[in-house]
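Everything quoted here is computed from the prediction, not taken from an experiment.
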Amino acid sequence: MADALALIDANNFYASCEQALEPALLGRPVVVLSNNDGCVVSRSSEARQLGIGMGKPYFQIAGQLARHGVVVRSSNYALYGDMSQRLMSSLEPFVAELEVYSIDEAFARLPRPRHGDLHRWAAELRSRIRHNLGLPIAIGLAPSKVLAKLANRIAKGDQCCAGVFDLGREADPDPWLESTPVEEIWGVGRQLSRWCRLRGIANARQLRDMASGELRAKAGVVGLRLQLELQGVSCLPLEEGPTAKRETCVSRSFSRVITDESELRQAVASYVVRAAEKLRRQRQRSGRLTVFARTSPFSPGFYSQAASAALPLASNDTAVLLQTALRLVPAIFRPHKRFAKAGVLLQELQPEQQLQHHLLTPLPAEQQQKREALMQSIDQLNRRYGAGTVQWAVCGLQPSWMMRREQLSRAATTRLSDLPTVWAR
DNA sequence: TCTGGGGTCCTAGGACCC
DNA sequence: TCTGGGGTCCTAGGACCC
């Protein structure tokens, strides 16, 4: 029998992590906020039932949350990242191939047993993850990725499914496809769903059966692949192992507006430092660097500007990248503009070991090695003693525009001093 | 007053060439 | 003054994802 594709994900991942860490929150409405405590990015099912919308700005609903006694947390990426790694490594022994798709979900390939039924496998996996990590997961099974996503959605929504739904075992999948609104299909965004609705295509079954020529004219080969996947023809491959990134970006909104060029320089410098660390961890160098800044899109007179420069020699040396980036700052800064966000993009990434040396001015090998050793030492110190142990002076000390995280939970799984205490009697 | 961050893929169209 | 056809490469921006 053919293999099955599974989409396995954690329910309300960030909120569930907070509950796993602090069991007293179980059964209570919990929301997690984005950076700067900006918007709601995760809700426990209790919070969802109260009608708290996803993506809602916190300042607009703070009163409503307080009235309902909702527990509010700032996002704690150290915690979620670590829980994610534990989740993924727990899945591995259960499947033949695993593609980690995002922080809280993975596609997997597994052989179907002779009798075809995977419910026992799924039930065991769910109880193992619940027991070891305290996380609830849902599992969708189907012959293609798009259908596995769709099955996963049914597994979560339908009370009868107990977190597992196998579309591959349904004699007639059509009613399930018909109950899936076109907007809910993975790969259908705002534009495409509006176009579909205008043509009377309201659900997944209708999209699957529509004239493919028409779809191709609108959505190109992406649309055709989507349609084939809905027909159960797998054309999106499972991608194992992290594929090399093509670009890396670090950007943040400020906790308050910036109007001063020196502060914008500090912000850009801090993001470059972070981006360079990422690059070294990925064992890559960058050949082009872009810096950008913008005012708030919610205020009149929106302004957004980017500037980019090629590096003479691809690099992941923080000092080299800082020099290039800071030279670009005057090109994006404008006096009297109220900057709300800035960022840096590292592009034209290439593997570290394939360094193309400059023909005319090669850096002496000895000097090159010294620089690399320096970067390594800085990274090690910051990993061991915590981020910011070794800093770059251009970033400023304790700048006041830095992220706001007023309701942060502890780094209970990644920092010794934050370990939870258990009292035994 | 306060509205997230980090990615990928694809296409259209301009620049340039013979 | 007339000014085709076909190709490549690059970039910006759209669309989508979690």
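- Here the closest non-hydrogen pair linking A306(A) and T290(A) is CB-CG2, 4.1 Å.
- To the nearest whole angstrom, the two C1' atoms, one in dC17(B) and one in dG4(C), are 14 Å apart.
- Backbone-only engagement by Y101(A) is indicated by non-hydrogen atom pairs under 4.0 Å involving sugar-phosphate atoms exclusively.
- Remark: R246(A) CZ is loosely packed, at most 12 non-hydrogen atoms of other residues, nucleotides or ligands lying under 6.0 Å away.
- Across all strands shown, D104(A) has heavy atoms under 4.0 Å from sugar-phosphate atoms exclusively, and none from any base.
- Using a 4.0 Å cutoff on non-hydrogen atoms, the parts of residues 187-220 of chain A near DNA chain C are G187(A), V188(A), G189(A), R190(A), Q191(A), L192(A), ordered by number.
- Within the nucleic acid shown, L226(A) has no heavy atom closer than 4.0 Å to any nucleic acid atom.
- Within 4.0 Å (heavy atoms only), E105(A) reaches sugar-phosphate atoms of the nucleic acid but no base atom.
- A heavy-atom distance below 4.0 Å to DNA chain C is reached by these residues of residues 143-153 of chain A, ordered by number: K149(A).
- When ring centroids are compared, F292(A) and F339(A) stay outside the 6.0 Å threshold.
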Practice item. Please lay out, stage by stage, how R384(A) and T389(A) fare under the test side-chain hydrogen bond (donor to acceptor under 3.5 Å, both in side chains). Key: CA-CA 9 Å; R384(A) 180 151 180 193; T389(A) 303; over 6 Å; no
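- Across all strands, V222(A) comes closer than 4.0 Å only to sugar-phosphate atoms, never to a base (heavy-atom distances).
- Nucleotides of DNA chain C with any atom under 4.0 Å from a heavy atom of chain A span, from 5' to 3', dA15(C) to dC18(C).
- Contacts of K245(A) with the nucleic acid, taken as non-hydrogen atoms under 4.0 Å apart, involve only primed sugar atoms and P, OP1 or OP2.
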